[in-house]
Amino acid sequence: MVFSDILFMEEAIKEAKIALKENEIPIGAVIVYKNRIIGRGHNQTEKLKDPTAHAEMIAISSACNYLNNWRLKEVTIYITCEPCLMCLGAILLARIKRVVYGTKEEKFGIFSNYSKFYESIKGRIEIVEGIKEEECKELLKMFFQNKRNK
């Protein structure tokens with residue numbers, strides 16, 4: 001972990017808070033290239049009626065548009081929550097080399113649920129977990145408590 005990991009995770013948390021205000025699962029992502037944010041996203045599955053409209057997918061599309069290239073070899077993606085299988089697939093296909101995430105996702109998180117898969121990709125990408133974990137976890141907890149209370 002480096003200091004900039006905390007700063008960029010705070011930007012991903014801002015995206016997650018936008019999702020929360022839009023009544024979406026509060027997950028946010030930013031993509032950084034040469035110390036500059038080139039892609040942002042937050043969950044929009046309800047708004048877009050699209051199960052693939054995850055924060056990571058939207059941020060990846062945005063970064064690809066910015067660089068005018070589908071290969072994102074020199075970027076880091078910051079995600080408030082551990083990516084799912086679909087999002088990790090997109091991360092691998094985009095050639096992203098570094099993934100930094102806040103909190104684990106016990107139900108759909110790829111690293112928490114597929115340890116053999118995790119071991120197979122370990123050398124291909126750098127994975128940093130637990131950056132601003134409590135804040136990321138609290139947003140999710142708040143969202144699901146509100147859902148249960150309604």
**Q** Between Ile96 and Ile125, is there a shared hydrophobic cluster once you connect ILVMFWY residues whose side-chain heavy atoms come closer than 4.5 Å?
**A**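 Yes; Ile125 is reachable from Ile96 via cluster members.
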
**Q** About how many Å separate SG of Cys81 and CD of Glu133, when rounded to the nearest 0.5 Å?
**A** 10.0 Å

**Q** With side-chain hydrogen bond (donor to acceptor under 3.5 Å, both in side chains) as the rule and sequence neighbours excluded, what pairs involving residues 12-21 come up?
**A**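 Applying side-chain hydrogen bond (donor to acceptor under 3.5 Å, both in side chains) to every pair that reaches into residues 12-21, excluding sequence neighbours, yields Glu11-Lys14, Glu15-Arg40, Glu15-His42.
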
**Q** Specify the closest pair of heavy atoms between Ile27 and Ala55, including all atoms of both residues, with the distance to one decimal.
**A** O-CB, 3.4 Å

**Q** Could you tell me which residues satisfy side-chain contact (heavy atoms from CB on, under 4.5 Å) with Lys73, sequence neighbours excluded, listed by chain and number?
**A** Arg71, Arg95

**Q** How close do Cys136 and Gly102 get, counting heavy atoms only, and between which atoms?
**A**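 Shortest heavy-atom contact: SG-CA, 3.9 Å.
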
**Q** How far does CG of Leu88 sit from CE of Met86, to the nearest 0.5 angstrom?
**A**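 Here the interatomic distance stands at 11.0 Å.
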
**Q** Out of Thr76, Ile77, Val2, which one pairs with Val100 under the side chain to side chain contact (heavy atoms under 4.5 Å, CB included) rule?
**A** Thr76

**Q** Quick one: which residue pairs count as a side-chain hydrogen bond (donor to acceptor under 3.5 Å, both in side chains) with a foot in residues 57-70, not counting sequence neighbours?
**A**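 Every side-chain hydrogen bond (donor to acceptor under 3.5 Å, both in side chains) pair that includes a residue of residues 57-70, provided the two are not neighbours, is Arg36-Tyr66.
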
**Q** Do you reckon Met57 sits in the same ILVMFWY cluster as Val99, going by side-chain contacts under 4.5 Å, direct or chained?
**A**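 No, Met57 and Val99 fall in different hydrophobic clusters.
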
**Q** Once ring-ring contact (aromatic ring centres under 6.0 Å, His included) is applied, what residue pairs with a partner in residues 8-39 remain, sequence neighbours excluded?
**A** Phe8-Tyr78

**Q** Do Ile79 and Leu92 land in one hydrophobic cluster if side-chain heavy atoms of ILVMFWY residues count as linked below 4.5 Å?
**A** yes

**Q** For the pair Lys104 and Glu82, find out whether any cationic side-chain nitrogen is under 4.0 Å from an anionic carboxylate oxygen.
**A**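 The answer is no: the pair does not qualify as a salt bridge.
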
**Q** Starting from the C-alpha separation in whole Å, work towards a yes-or-no answer on side chain to side chain contact (heavy atoms under 4.5 Å, CB included) for Ile31 and Ile60.
**A** CA-CA 7 Å; Ile31 295 181; Ile60 288 170; 3.8 Å; yes

**Q** Would a hydrophobic clustering, with Ile, Leu, Val, Met, Phe, Trp and Tyr connected at side-chain separations under 4.5 Å, put Ile127 with Val30?
**A**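 Linked within one cluster.
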
**Q** Please give me the minimum heavy-atom distance between Ala59 and Gly41, naming the atom from each residue.
**A** CB-N, 3.9 Å

**Q** Using the test side-chain contact (heavy atoms from CB on, under 4.5 Å), find all partners of Glu46 that sit at least two apart in sequence or belong to another chain.
**A**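 side-chain contact (heavy atoms from CB on, under 4.5 Å) check on Glu46 returns Glu24.
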
**Q** Determine whether Val128 and Val75 fall in the same hydrophobic cluster, where Ile, Leu, Val, Met, Phe, Trp and Tyr are linked whenever their side-chain heavy atoms lie under 4.5 Å apart.
**A** yes

**Q** To the nearest 0.5 Å, what is the distance between CD1 (Ile13) and CG (Leu139)?
**A** 7.0 Å

**Q** What pairs with Ala53 under side-chain contact (heavy atoms from CB on, under 4.5 Å), at least two apart in sequence or on another chain?
**A** Gln44, Thr45, Leu48, Asp50, Ile58

**Q** Output the distance between atom CG (Leu72) and atom CD (Glu74), rounded to the nearest 0.5 Å.
**A** 10.5 Å

**Q** Between Ala19 and Asn43, which heavy-atom pair has the shortest distance, and what is it?
**A** CB-O, 3.9 Å

**Q** Show, in sequence, the C-alpha distance, side-chain angles and deciding distance for Cys84 and Glu56, and conclude whether the side chain to side chain contact (heavy atoms under 4.5 Å, CB included) test is met.
**A** CA-CA 10 Å; Cys84 70; Glu56 301 93 314; 5.7 Å; no

**Q** So, the side chain of Thr80 versus the backbone of Gly28: is there a donor-acceptor pair under 3.5 Å, distance only?
**A**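 Checked: pair present.
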
**Q** Roughly how far, to the nearest 0.5 Å, is CE of Met142 from CG of Leu20?
**A**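 Atom-to-atom, Leu20:CG and Met142:CE are 5.5 Å apart.
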
**Q** Show your reasoning for whether side chain to side chain contact (heavy atoms under 4.5 Å, CB included) applies to Glu10 and Leu7.
**A** CA-CA 5 Å; Glu10 288 172 353; Leu7 296 176; 4.0 Å; yes

